[in-house]
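What follows is a set of notes on a single structure, which appears directly below.
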2 protein chains.
Amino acid sequence: MKTTSGTVSIDGIDKTILRALMEDARTPILEIARQVGISGAAIHQRLRKLEKSGLIAGSKFVINPKVLGYTTMAFVGIYLDKAMSNPEAVKQLKKIPEVIECHYTTGNWSILIKILCKDNAHLMYLLNKDIQTIKGVSRTETFISLDQQIQRQINI
Amino acid sequence: MKTTSGTVSIDGIDKTILRALMEDARTPILEIARQVGISGAAIHQRLRKLEKSGLIAGSKFVINPKVLGYTTMAFVGIYLDKAMSNPEAVKQLKKIPEVIECHYTTGNWSILIKILCKDNAHLMYLLNKDIQTIKGVSRTETFISLDQQIQRQINI
DNA sequence: ATTGAAAATGGCTAGGG
DNA sequence: CCCTAGCCATTTTCAAT
């Protein structure tokens, strides 16, 4: 059965390929081939098609930050002065490596960021010295993630 | 220069290896080897060491949800009744595939989730039919991400 | 789209410094 | 911790269907 979503249509074989590689980017093509019962060359062609379609954005090694001592994750809602442009604030936030996500959001804040730091002292330092000193930032609200209980990608 | 953070110490070569693979999990070992000027076997040994240390949590293909028609991302803060246990709520949230992150947070809410949906109608459906119907969920606050401006991993 | 097989490239291990 | 060398596995291409 083919499913058309957005602009790309993928069938069951494509889904099997994607699921395997979303789990482990280094799954051998030949292993997937055996699993779905077609040749490695066919899997390879399908992968090229999926890459060209833009569905596959890339592949990444996932690093465990805790092993490097980064044990504290937090979300920070940022209020911006009307005078402060969002792009200018984002430009400053990009300079802070601990900021791993930044969203332009509806609701109370102008910006919602996710930050990864070593401990609460580190978090406090980032808030006081790096974030609240950005021109246009009037106030912040911090939510510490005590535990991340779900982490996954879109369901294929 | 060696840097000790947490429990693992990695040097400049390790960093180069990690940076390459965090960018593209399928970067050939031999290419990295050429880049840093040591043999492929040495890179291979270092990779084994890094994997054993737990620093490398895995590798993943990254899917572009927009290509599948998933264009709306939102954060939802969830208030739980005192009677409702967090683990029970998380168990229910895991059943909703659109929920791609779930955090147990300090602050106003008990839980903060990130959800990925096709459009606002889909978002509304999830909120009304799937999330607010979970036993113990008293109220939610939704923040739509109009634009994700930063997405990266920890800086090595 | 899929195949099988060839050709190219890369991964892995052993032995040694 | 690094190297070379050899072997094995995987990726990639291609003509043919």
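Only a predicted model underlies this, so the values are computations on that prediction, with no experimental measurement involved. Residue numbering restarts at 1 for every chain, and letters A, B, ... go by the order of the sequence lines.
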Check your understanding: What integer distance in Å separates A/Glu31:CD from D/dA9:P?
Key -> 13 Å
Exercise for review: Ignoring backbone atoms, test whether A/His44 places a side-chain nitrogen or oxygen under 4.0 Å from the OP1 or OP2 oxygen of D/dT11.
Suggested key: no
**Study point:** Whole angstrom value for the distance that separates P of C/dT3 from CG of A/Leu30
**Key:** 12 Å
Exercise for review: Measure the distance from CZ on B/Arg26 to P on D/dT12 and round it to the nearest whole Å.
Suggested key: 7 Å
Review point. Counting heavy atoms not belonging to A/Glu23, are there more than 12 under 6.0 Å from its CD?
Key: no
Review point. How far apart are the C-alpha atoms of A/Gln151 and B/Ile100, what are their side-chain angles, what is the distance that settles it, and do they pass the side chain to side chain contact (heavy atoms under 4.5 Å, CB included) test?
Key: CA-CA 6 Å; A/Gln151 171 67 288; B/Ile100 57 176; 5.7 Å; no
**Study point:** Euclidean distance, atom CG of residue B/Leu47 to atom P of C/dG10 [Å, nearest integer]
**Key:** 15 Å
Review point. Where the side chain of A/Pro28 is concerned, which of C/dT3, D/dT11, D/dC2 is the nearest nucleotide?
Key: D/dT11
**Study point:** Short side-chain N/O contact from B/Arg48 to OP1 or OP2 of C/dT13, under 4.0 Å
**Key:** no
Exercise for review: Specify the separation, in whole Å, of atom CD1 of A/Ile10 and atom P of C/dA1.
Suggested key: 14 Å
Study note, to complete from the structure: B/Ile32 CD1 to C/dG11 P, in whole Å, measures 8 Å
Check your understanding: When the distance from CD1 of A/Ile29 to P of C/dG11 is rounded to whole Å, what number comes out?
Key -> 14 Å
Revision key, fill the gap. Residue pair A/Thr27/B/Ile43 against DNA chain D: nearer the 5' end by closest nucleotide is B/Ile43
Review point. Would you say B/Tyr79 has more than 12 foreign heavy atoms packed within less than 6.0 Å of its OH?
Key: yes
Review point. CZ of B/Arg46 versus P of C/dC12: gap in Å, rounded?
Key: 17 Å
Practice item. Give me the ring orientation class for A/Trp109 and B/Phe143: parallel if the planes are under 30° apart, tilted from 30 to 60°, perpendicular past 60°. Key: parallel
Check your understanding: How about A/Arg48: does its CZ atom have over 12 heavy atoms from other parts shown lying under 6.0 Å from it?
Key -> no
Exercise for review: Measure from the side chain of B/Gln45, starting at C-beta and using heavy atoms only, and say which of D/dT4, D/dC2, C/dG4 lies closest.
Suggested key: D/dC2
Review point. Picking from C/dT13, C/dG10, C/dT2, which would you name as closest to the side chain of B/Ala41?
Key: C/dT13
